[in-house]
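Note that these values count all heavy atoms, side chains included, but never hydrogens, waters or copies made by symmetry. Every chain is numbered from 1, with letters handed out A, B, ... down the list of sequences.
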Amino acid sequence: MKNHILNAQQKKAVEFDGKHVLVLAGAGTGKTRCIVGRAAFLIDQGMEPEKIQILTFTKRAANEIVERVKASLTDNQAQSLNGSTFHSWCNQLIVRYPNLFGASGYTVIDPDDQLSVMKMVCGDQLVEYKGIRIKPQQLLDIYSYGRNTRKNLSNSIREKIFKGKTDEETNDEIDIIRPKVEVLLRAYQTKKSEGRYIDYDDLLLIVANRLRNDAEARRILSHQVKHLLIDEFQDTNPLQWYLLEPFLEIAKFYCVGDDAQSIYSFRGADYKNVHLFKERVPESEILILNNNYRSTQEILDLSNWLIETSPLEYKKKLVATRGSGTKPKLINIASQWEEANFIAENILENFTENNKNFIDHLILSRSTYYTKPLQAVFIQKKIPYVTYGGRKFMEAAHIKDIVSALRVVNNIYDEIGWMRFLTFWDGIGEIKAGKYISKILEFKDPLDCAQNLEDAIGGTEGEKIADIYNSIFMNSGNVKKAIQETYSKMELQLAFKYRKDWEEKRKSDVPVLEMLGENYATIGQLISEGILENAKQLNGNPVLEGSQLNDSEIKDHVIISTVHSAKGLEADVCYVLNVSPKVYPSAWNLSSDENIEEDRRVLYVALTRAKNELYITRDTNSITTVNSSETSEVTSKYFLENLPENLTEQFVNPYTIVKPRDILTPNKIDLSEGMDFS
DNA sequence: TCCCCCCCAGTTTTT
DNA sequence: CTGGGGGGGA
């Protein structure tokens, strides 16, 4: 094993020989290197790789760690090493031990489908639904928040609907709506059972409950799981801990985390869980890594300043082992187009004159949506890029159409799947589809359905739909073939339904779906694992919607990512977009100190990604409007408001701004000019 | 009554 | 780029 790159602290952490450990490590101190090193060390010591489970928050992080372990070992020693997200891991366990968890023939549903189910429930329970002014999506938020935090319904309503307020008026309101919400949530659970649906939280709960209540189940798994290596431990929430706890007696825990990088409280994560580690985990130790290997001192000075100005104490001051470099640059921009142009020109200059590759550049944004103009400019200037974060591949409408056909064969009780598949066809709307579905739900099994589906629907539609059903049914052992057959029968209608952008954009996703299908042995696996799959990452290679990347571009591209998806990433040159008032902290979060501090950590994560050069852009318009019209609240809470001048270099955009014509937003015409009303 | 199509609004962050 | 709403047509 090649471990010569480890320092003394890291080596101690990698070769830890106690039972459970938490490695507390600041940004850039080698957290990932530690997990990679640990896995390689264990395998080197003779542990079977299939009994080591690496748990991460994103699929990409899992893949990357596994790849790096493989690269650090010889002879395919790590071939069967397992790295996955919590959800994917649970799904795999459920599939592998159908008798243990009792969940076969189920369909894992994504948030879109959850919403559809909840809407059906609200339609069924109109009396209760009308009695509360809460939208179906908010009901799901309450439900999921309650399950993830293991808080009760009243408190979940308080957090999600009333922003945590505890005054008497709020309490009275909660008392009034709580029973009605309960009726709706219980109806949602019933509907899930009827449709044999499993939502994301169920994946964790099914495994957790079984293991907690059944010593025999723990005994079986104790032979399979010896080591749990858990990344980003500060982001685990109570539900995840509820799942992990029964493994304490089975496996050895190896957790790494950093409380200053906890940015998932909206999903119920509590950064204090790292502080509770020693209390909750007997026979455990805490190790600390504090040498930063990533960034220059100037970048760390700014990052340190940011968390030092927090009312919370992180007891963290990163020191660069790499020494000094250039100061972070703060650029005031007047519009998103100027920002996009500046970044594009800067990257092109680095590429052509400074001997840098595209992959040396990382662009970080608070939201996916905000990067759209940037992407337009990159396409215009032919800069290859990959986006992380945002919509999943399987969530695109045209993919869902194709997959809906596969879903109903996998689970004939999948009403959501039927609704999508039936209404896909011309002349069938929700009403007709509903009538067909009530007939379909009476079929005994898939075979019964295959034989009688045509008659149940009737006409040429029935013929067409039954034909597709049957060809998938015949090919259920070959997922790729099933997809191809389905597509060939749906192609005409797809091209018609999406005529505006079918040829240019959506059609090219079909081969990607086929490739995805090749990875799975059954349709059930495709739809449960596939919805957890990221759009841009396929067989380890980024796949872009719309543009076909050639080989060299696959290897060399700029990365555009949300901060949340950028955990663990680093780059030579980093651009943090739109660090403006109302964004850091964001306007929604201003009312809560906890949320403001979470936003501070979001910015902290963003800043600490940079190795050598850090560019921070901010919108001058929002600065001036805030100063002139709004109360001081927004400005006083803005993170860069009291930024010491010596920490950054104010920087003027040196490039001429050219607005490409085809991406130009129409100018707003001001019709109030020319008239003096005085 | 049901279905289709066009237009508009509004988008945190993730599994 | 999707979801909802409104209007027109069958």
Side-chain angles (χ1 to χ4, degrees), chain A residues 55-62 84-91 108-116 119 135-137 140-141 144-145 147-148 198-205 232 235-237 239-240 243 261-269 364-372 375 388-392 394-401 422-435 496-501 505-506 528-535 545-546 561-567 577-578 582-590 595 598-599 601-603 605-606:
Chain A
L55 288 174
T56 61
F57 276 77
T58 64
K59 191 136 189 157
R60 188 179 52 256
S84 40
T85 60
F86 280 83
H87 294 83
S88 172
W89 179 49
C90 288
N91 187 47
V108 179
I109 55 171
D110 68 11
D112 279 356
D113 292 332
Q114 290 178 45
L115 186 58
S116 306
K119 281 178 181 166
K135 285 186 260 175
Q137 182 58 59
L140 285 172
D141 291 346
S144 182
Y145 185 80
R147 298 172 100 199
N148 273 286
I198 293 177
D199 65 26
Y200 285 0
D201 301 332
D202 288 324
L203 287 169
L204 273 63
L205 280 161
E232 309 289 4
D235 287 326
T236 50
N237 64 29
L239 172 57
Q240 282 153 342
L243 166 72
Q261 291 186 68
S262 169
I263 54 175
Y264 278 93
S265 74
F266 64 91
R267 216 172 67 184
L364 295 166
S365 167
R366 192 76 238 261
S367 68
T368 318
Y369 175 67
Y370 186 83
T371 66
K372 288 194 86 181
Q375 295 183 40
Y388 290 168
R391 241 187 147 65
K392 300 255 178 308
M394 294 275 266
E395 285 170 4
H398 54 296
I399 297 299
K400 288 199 125 189
D401 289 339
L422 295 176
T423 57
F424 171 75
W425 305 98
D426 268 345
I428 303 181
E430 264 181 54
I431 308 295
K432 273 193 198 171
K435 286 179 189 153
F496 177 72
K497 179 174 173 185
Y498 299 104
R499 50 195 170 282
K500 269 168 280 179
D501 54 6
K505 232 180 158 299
R506 312 179 94 115
S528 56
E529 281 285 300
I531 62 166
L532 300 170
E533 190 87 32
N534 210 296
E545 71 264 52
S561 174
T562 59
V563 182
H564 283 82
S565 296
K567 289 257 237 96
L577 302 183
N578 200 22
K582 293 188 186 169
V583 181
Y584 291 97
S586 94
W588 304 285
N589 289 341
L590 281 174
N595 289 342
E598 168 134 329
D599 273 3
R601 294 190 293 268
V602 171
L603 182 56
V605 169

A.B. asks: For each nucleotide in nucleotides 4-12 of chain B, reading 5' to 3', give B when a protein heavy atom comes within less than 4.0 Å of its base, S when such contact involves only the sugar-phosphate, and - otherwise.
C.D. replies: S------BB
A.B. asks: So what does K567(A) hit on the nucleic acid, given a heavy-atom distance under 4.0 Å: a base, only sugar-phosphate, or nothing?
C.D. replies: nothing
A.B. asks: Does dT1(B) have its OP1 or OP2 closer than 4.0 Å to a side-chain nitrogen or oxygen of K435(A)?
C.D. replies: no
A.B. asks: With sugar-phosphate meaning primed atoms plus P, OP1 and OP2, does Y264(A) contact a base, only sugar-phosphate, or nothing at under 4.0 Å between heavy atoms?
C.D. replies: sugar-phosphate
A.B. asks: Hey, is the side chain of T85(A) poking within less than 4.0 Å of OP1 or OP2 on dT14(B), counting only N and O atoms?
C.D. replies: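 For T85(A), the contact criterion (side-chain N or O under 4.0 Å from OP1 or OP2 of dT14(B)) is not met.
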A.B. asks: Using only side-chain N and O atoms of T562(A), determine if any of them is under 4.0 Å from OP1 or OP2 of dT14(B).
C.D. replies: yes
A.B. asks: Using a cut-off of strictly less than 4.0 Å, decide whether R601(A) has a side-chain nitrogen or oxygen near OP1 or OP2 of dT13(B).
C.D. replies: no
A.B. asks: Can you work out whether P111(A) or K432(A) has the more 5'-proximal nearest nucleotide on DNA chain B?
C.D. replies: K432(A)
A.B. asks: Are dT13(B) and F266(A) stacked, with the base six-membered ring and the side-chain ring centres under 5.5 Å apart and planes under 30°?
C.D. replies: yes
A.B. asks: Which is more 5' along DNA chain B, the nucleotide nearest I431(A) or the one nearest Y200(A)? Just name the residue.
C.D. replies: I431(A)
A.B. asks: Looking at every strand, decide which applies to E598(A) at a 4.0 Å heavy-atom threshold: base, sugar-phosphate, or nothing.
C.D. replies: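 The residue E598(A) makes no contact with any strand.
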A.B. asks: Do the side chains of R147(A) and D202(A) get close enough for a salt bridge, i.e. N-O under 4.0 angstrom?
C.D. replies: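 Looking at R147(A) and D202(A), the cut-off is met.
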A.B. asks: Students often get this wrong, so: under 4.0 angstrom with heavy atoms, is F57(A) touching a base, only sugar-phosphate, or nothing?
C.D. replies: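 Result for F57(A) = sugar-phosphate.
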